[in-house]
Structure formats: structure tokens, C-alpha cells
Colleague: 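My questions will all concern the structure given below.
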Amino acid sequence: MLLLVQNTPAQGPTGPASRPEREGTDAAPRAALADKVSTLNARYRHHSATAVMQGALEDAGNIALVSSFGAESVVLLHMAAVIDKSTPVLFIDTEMLFTETLVYQNDVSERLGLSNLRIIRAADIATHDPDGQLHKSDPDACCALRKTAPLQSALGDYDGWITGRKRFQSGTRAALDFFEVEAETNRIKINPLAHWAPADVAAYMEENRLPRHPLVARGYPSIGCMTCTTPVKPGEDPRAGRWRQQDKDECGIHFVNGKMVRRKAEA
Ligand code: SF4
């Protein structure tokens, strides 16, 4: 099943993204969630990424995999497909993506037999970014409009979500656990690849003969929107091509220590 979801946040581009939906959460449920996450981390401490993924889908409630269908996304998508092809997969189409990403999303979904893909788009782009130039004047507001708000709205149906974040990717991710509490929303966030190195990702793709995003071979080790991603030179940080020349490192869909992360200094 492929579902196209258009979200209709009630506020402008900066409102909904900075104010996740499940707010006003009580201390008691949050403490219970923290206990649950602590138990899951202890249970799966020495387990493989696949076991963590399986555990998340079986033990953590109603869970979705959020995927950008980027450079390394196919690893988690393959794990999900092997465990259960009907795992909900949320893909945010910002309508600023590379054509190659859209083609790759279609090809990979078909090849892996993913049967519960949900394509998420913001419904109010014409109002807040009619000429598609918001990424130049206010990239944080653009990410809020096109990514964060639609994702938070779509996640309202779930108890938690699976991400492809890894410790090696940046300072903001250096202490990632497999399971985390997203305190702002009272959801569980699961990072099955938290401990993986680039070589582990490459080996998994090779062993399972998984297709690479075509832009990787053209110098894009990290792939976001077309307007905000440039190729990376040898020796540069893999994420150096994201928002190059700007004081921005993340799109804002993740929180660290209670703060929405958009810059390295916010870790
Ligand atoms: S990555 Fe760029 S174009 Fe995409 S949502 Fe963020 S600011 Fe807008």
C-alpha cells in the first residue's frame, strides 16, 4: 500500500515545527517511558542492529521507520523488509528533492516489497513559500515548513520511530543509544545503527547486494534537498555538503537534551 499524506498544520512555518504535537506531557508517563527505554537498552545492549530493529517493532509499541531514501537508507529499509514488509515507512517529500532520490525511492520500495509506504508532504507550501525561495532567506523556517511539521503531524499516529542516525556522523550524535526518549513528544526513538561505522554500512550493502543511491557515486555521501546539498570533496566531513556555508547542520527533526538540533553548537 502506498499512501500519500498531505498535512495541514494550523500555523505558519515556524509554529508547528517548534511545538511538537504531544505537548503538556505528564511527568508520570515520561518516567514510565524512561523506564521502558532503559529496560530496552539493557535488553538489547549486546544485540545486532537487526535484533534491535526487530525488538523495536515487537516490544516498543506502534513504530514507524522514517526514511529519507538517502545515501545509507537502504540498510534499514532492507532490515525492515526482511522482518516485516508491512512496517510503516514514512518518507517526507519536501518537493525540493533530487529527481534521483524520487526515482530511487520508487525503485527501492518496489524491489524490497515495502507494502506500507507513506509519502508525507506539507499542504501549505503555496501559502508560506509560494516562490520556493524560503530556503535562501530562512532555511530553518523552510525545514520547519517542509520537513519538521509534516513529520511531527504524521508521527501523531505512532508511539515511536526508527531513525538511521549513527554515532560517527557528528558531535550531536556521539552518545546515541539504541533507544531514546523523545521527551518533547513522549515518543521512543530507535537508532539500530547507532554503533555502526561507515565500513559496516558498506559491508551490509555489499553482502545484501543493495542498490546505492546514484548520487553517492557523484560525490554526495549525505543527500538532502537539491537546493541545500552539494558534493563533498575527498577528506571533507561526509555532511559538509549539507547547508554548505551556512550555520546549519541539521534540519530540526531531532532533539538533543530537550533542544531542537539545527546547529553543531546546539549539541
Ligand atoms: S533542506 Fe533546504 S530546501 Fe529542504 S526543507 Fe530544509 S531549507 Fe528547505
Side-chain angles (χ1 to χ4, degrees), residues 3-23 66-71 73 90-105 118-156 161 163-165 169-170 172 182 184-185 213 215 218-232 237-256 258-267:
L3 195 65
L4 178 62
V5 182
Q6 285 212 314
N7 291 288
T8 52
Q11 299 184 30
T14 54
S18 57
R19 193 166 57 102
E21 295 206 329
R22 293 185 182 185
E23 52 189 334
V66 175
S67 181
S68 64
F69 286 79
S73 302
L90 309 187
F91 170 61
I92 307 169
D93 178 4
T94 62
E95 301 188 56
M96 294 291 235
L97 299 174
F98 290 93
T99 302
E100 288 87 342
T101 298
L102 300 175
V103 172
Y104 182 67
Q105 176 268 304
R118 290 157 187 251
I119 299 180
I120 313 296
R121 294 190 186 118
D124 50 355
I125 287 176
T127 306
H128 298 294
D129 189 13
D131 55 3
Q133 299 298 306
L134 188 59
H135 66 280
K136 290 182 185 166
S137 59
D138 191 344
D140 284 347
C142 185
C143 280
L145 170 69
R146 294 175 181 270
K147 291 186 181 177
T148 320
L151 176 63
Q152 288 298 338
S153 179
L155 284 173
W161 51 301
T163 88
R165 293 182 306 155
Q169 286 173 321
S170 70
T172 61
E182 192 175 65
E184 300 74 17
T185 61
H213 191 301
L215 290 180
R218 287 158 51 189
Y220 294 82
S222 176
I223 302 160
C225 292
M226 186 171 51
T227 44
C228 301
T229 311
T230 57
V232 167
D237 185 289
R239 287 180 63 83
R242 307 288 296 275
W243 302 285
R244 194 181 281 278
Q245 315 293 353
Q246 294 186 44
D247 179 27
K248 183 170 171 68
D249 190 48
E250 303 258 4
C251 58
I253 64 172
H254 298 295
F255 293 80
V256 173
K259 290 177 68 181
M260 181 181 287
V261 178
R262 287 175 172 148
R263 290 164 187 80
K264 291 184 181 81
E266 289 175 341

Colleague: Got a second to check how far L155's CG is from E182's CD, nearest 0.5 Å?
Modeller: 7.5 Å
Colleague: Find the distance between CD (Q133) and SG (C142) and round it off to the nearest 0.5 Å.
Modeller: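 So the gap between those two atoms works out to 10.0 Å.
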Colleague: I want to check something: taking the side chain as every heavy atom from C-beta on, are T229 and L215 in contact at a cut-off of under 4.5 Å?
Modeller: no
Colleague: If you look at every heavy atom in L90 and A154, which pair is closest and at what distance?
Modeller: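 Looking at all heavy atoms of both residues, the closest pair is CD1-CB, 4.2 Å.
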Colleague: Run through R121, R118, K147 and flag the one making a salt bridge (Lys or Arg N to Asp or Glu O under 4.0 Å) with D93.
Modeller: R121
Colleague: To the nearest 0.5 angstrom, please state how far the CD1 atom of I125 sits from the CE atom of M96.
Modeller: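 With rounding to 0.5 Å, CD1 (I125) is 8.0 Å from CE (M96).
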Colleague: Is there side-chain contact between D124 and L145, with at least one heavy-atom pair below 4.5 Å?
Modeller: yes
Colleague: Are side-chain heavy atoms of R146 and L134 found at a separation under 4.5 Å?
Modeller: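 R146 does not reach L134 side chain to side chain.
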Colleague: What pairs of residues pass the salt bridge (charged side-chain N to carboxylate O under 4.0 Å, His left out) test when at least one of them lies in residues 218-232, not counting sequence neighbours?
Modeller: E100-R218
Colleague: Roughly how far apart are I92 CD1 and L151 CG, rounded to 0.5 Å?
Modeller: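 Rounded to the nearest 0.5 Å, the CD1-CG separation comes out at 4.0 Å.
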Colleague: Do any side-chain atoms of residues 220-227 form donor-acceptor pairs under 3.5 angstrom with protein atoms, and if so which ones, sequence neighbours left out?
Modeller:
from: S222; atom 1: OG; to: R242; atom 2: NH1; distance (Å): 2.7

Colleague: For side-chain contact (heavy atoms from CB on, under 4.5 Å), just list the numbers for Q105 and L97, CA-CA rounded to whole Å, side-chain angles, deciding distance to a tenth of an Å, and then say yes or no.
Modeller: CA-CA 11 Å; Q105 176 268 304; L97 299 174; over 6 Å; no
Colleague: Going by heavy atoms in the side chains, are F91 and S67 under 4.5 Å from each other?
Modeller: no
Colleague: Using the test side chain to side chain donor-acceptor pair (under 3.5 Å), find all partners of T101 that sit at least two apart in sequence or belong to another chain.
Modeller: H213
Colleague: Minimum heavy-atom separation for P130 and H128, please, with both atom names.
Modeller: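 Heavy atoms only, the tightest pair is CD-C, 3.5 Å.
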Colleague: Could you check whether any side-chain heavy atom of T185 comes within less than 4.5 Å of a side-chain heavy atom of W161, counting everything from C-beta outward?
Modeller: no
